[in-house]
Amino acid sequence: QKRVIKAIKRIPNRKLVLLDRNLDDLPGNFGAVYQDFTNDVYDGLSQGLKKLKSMKQLNVITESSSLYHTYICEGARRFCKDFGIKCEFYTSVTPDIIRTKEAYLILNGQLDKELIDLARAAKEKKLKVGRDIGIISYNESPINEIVLNGLTTISTDFKAMGAIAARMILSKEMHKVKCEFNMIRRNTF
């Protein structure tokens, strides 16, 4: 990260707009439209608190090599601790972790191997997604409206992120803005 900050410091603040992640170690009055991954996951899961409290536990599935793995797992861990929800962390999907009345937060993205494995294992166990198990995916994309008849997500509003950044560039008024993050409820949860 030090090399990245060193390279970014060469860009004049009036011409710099960071997207997705704010670099706290970077001084200056540059623009930033960012996510706060740890707190965003906490807030997104909070929007599904009632349903999550009715489940036996939340299972978080992610690859440790994921860029934001640490932040997202910390947000889920803190959320579950604060609300008394049992939580387990996994790096892959195996049939033995698919259990009735449990929720699964998939951090790896949409239509990836883990989501397919999760849906397949649920089907083989005759568990109905959205009724017997819940699935929440991290990050919204247009395909989520179709996947599994509607995949619930927790996500930053990427369209808003782009619009805010464009307004900063056009107005030449640089400031730091945390982007909105919400749960989009669909059939899987």
Side-chain angles (χ1 to χ4, degrees), residues 34-161 178-189:
Y34 63 93
Q35 299 182 62
D36 178 0
F37 298 95
T38 301
N39 290 320
D40 285 346
V41 168
Y42 188 103
D43 294 342
L45 290 173
S46 294
Q47 293 173 34
L49 178 61
K50 184 176 180 180
K51 174 96 177 200
L52 284 166
K53 287 194 75 80
S54 74
M55 306 296 266
K56 292 179 185 173
Q57 79 178 31
L58 174 64
N59 300 286
V60 180
I61 304 165
T62 183
E63 294 177 352
S64 56
S65 62
S66 169
L67 189 57
Y68 303 117
H69 162 84
T70 304
Y71 306 114
I72 293 168
C73 287
E74 175 56 32
R77 186 176 287 112
R78 186 167 42 95
F79 169 81
C80 288
K81 181 181 178 196
D82 287 354
F83 293 102
I85 297 169
K86 187 176 177 191
C87 188
E88 294 289 335
F89 295 85
Y90 299 96
T91 56
S92 64
V93 174
T94 57
D96 62 298
I97 71 166
I98 311 306
R99 297 171 293 259
T100 188
K101 299 298 177 199
E102 294 191 12
Y104 299 83
L105 173 60
I106 304 283
L107 303 183
N108 296 15
Q110 293 73 35
L111 293 179
D112 58 10
K113 182 181 181 318
E114 288 73 20
L115 181 58
I116 293 166
D117 290 345
L118 178 56
R120 183 176 289 136
K123 184 177 180 181
E124 287 170 3
K125 291 185 174 197
K126 297 185 181 6
L127 298 174
K128 182 167 172 38
V129 175
R131 183 190 70 203
D132 301 320
I133 68 167
I135 299 176
I136 304 167
S137 181
Y138 187 87
N139 278 344
E140 177 61 12
S141 90
I143 195 76
N144 291 338
E145 294 177 31
I146 299 165
V147 172
L148 294 169
N149 294 321
L151 182 60
T152 294
T153 61
I154 55 174
S155 183
T156 288
D157 184 338
F158 292 106
K159 288 181 182 176
M161 183 182 281
K178 181 189 166 306
C179 205
E180 192 171 316
F181 193 94
N182 289 299
M183 176 177 276
I184 301 168
R185 296 290 286 269
R186 296 193 180 98
N187 290 330
T188 63
F189 180 76

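All of these numbers come straight from a predicted model, not from anything done at the bench.
Around NZ of Lys86, the count of heavy atoms belonging to other residues, nucleotides or ligands within 6.0 Å does not exceed 12.
Of the possible polar contacts, one joining the Asn59 side chain to the Ala103 backbone as a donor-acceptor pair under 3.5 Å is found. Between the side chain of Asn149 and the backbone N or O of Asn187 there is no donor-acceptor pair closer than 3.5 Å.
Inter-residue side-chain proximity for Ile85 and Leu49 is flagged as met; some heavy-atom pair is nearer than 4.5 Å. Proximity of Cys87 to Phe79: side-chain heavy atoms (C-beta onward) are nowhere separated by under 4.5 Å. When side chains are defined from C-beta on, Arg186 counts as touching Thr153, because their heavy atoms get closer than 4.5 Å. Residues Asn144 and Ile184 fail the side-chain proximity criterion, which asks for heavy atoms closer than 4.5 Å. Within the 4.5 Å cutoff, the side chain of Met55 has no heavy atoms near those of the Tyr104 side chain. You'll find the side chain of Leu107 stays beyond 4.5 Å of the side chain of Tyr68, heavy atoms only. Ile136 places a side-chain heavy atom less than 4.5 Å from the side chain of Leu45. No side-chain heavy atom of Phe37 sits under 4.5 Å from any side-chain heavy atom of His69.
For the side chain to side chain contact (heavy atoms under 4.5 Å, CB included) test with Tyr138, the passing option among Ile106, Thr156, Ile72 is Ile72; the others fail. Shown are Lys178, Glu74, Arg78; of these, the side chain to side chain donor-acceptor pair (under 3.5 Å) with Asn39 is made only by Arg78.
Among residues at least two apart or in separate chains, there is no salt bridge (charged side-chain N to carboxylate O under 4.0 Å, His left out) pair with a member in residues 48-57. Identified under the side-chain hydrogen bond (donor to acceptor under 3.5 Å, both in side chains) test for residues 115-129, with sequence neighbours left out: Lys113-Asp117.
Taking the side-chain hydrogen bond (donor to acceptor under 3.5 Å, both in side chains) definition, one finds that Thr94 meets it with Asp96, sequence neighbours left out.
With rounding to the nearest 0.5 Å, the separation of CG in Asp40 from CD1 in Ile154 is 8.5 Å. Here CZ of Phe181 is found 10.0 Å from CE of Met161. Values are rounded to the nearest 0.5 Å. The distance from atom CG of Leu105 to atom CZ of Phe189, rounded to the nearest 0.5 Å, is 10.0 Å. Note that CD of Glu140 is 12.0 Å distant from CE of Met183, once rounded to the nearest 0.5 Å.
Taking every heavy atom of both residues into account, Glu88 and Gln57 meet most closely at CG-NE2, 3.2 Å. Closest non-hydrogen pair, Val93 versus Glu114, comes out as CG2-O, 3.5 Å. Ala76 and Val41 get closest at one heavy-atom pair: N-CG1, 3.7 Å. Pairing each heavy atom of Phe83 with each of Ser46, the nearest pair is CE1-OG, 4.2 Å. Contact record, Thr62 with Cys73: CG2-SG, 3.8 Å, taken as the closest heavy-atom pair. Heavy-atom minimum distance, Thr188 versus Leu148: CG2-CB, 3.7 Å.
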Show the numbers, then the answer: is there a side-chain contact (heavy atoms from CB on, under 4.5 Å) between Asp43 and Asp36? CA-CA 10 Å; Asp43 294 342; Asp36 178 0; over 6 Å; no

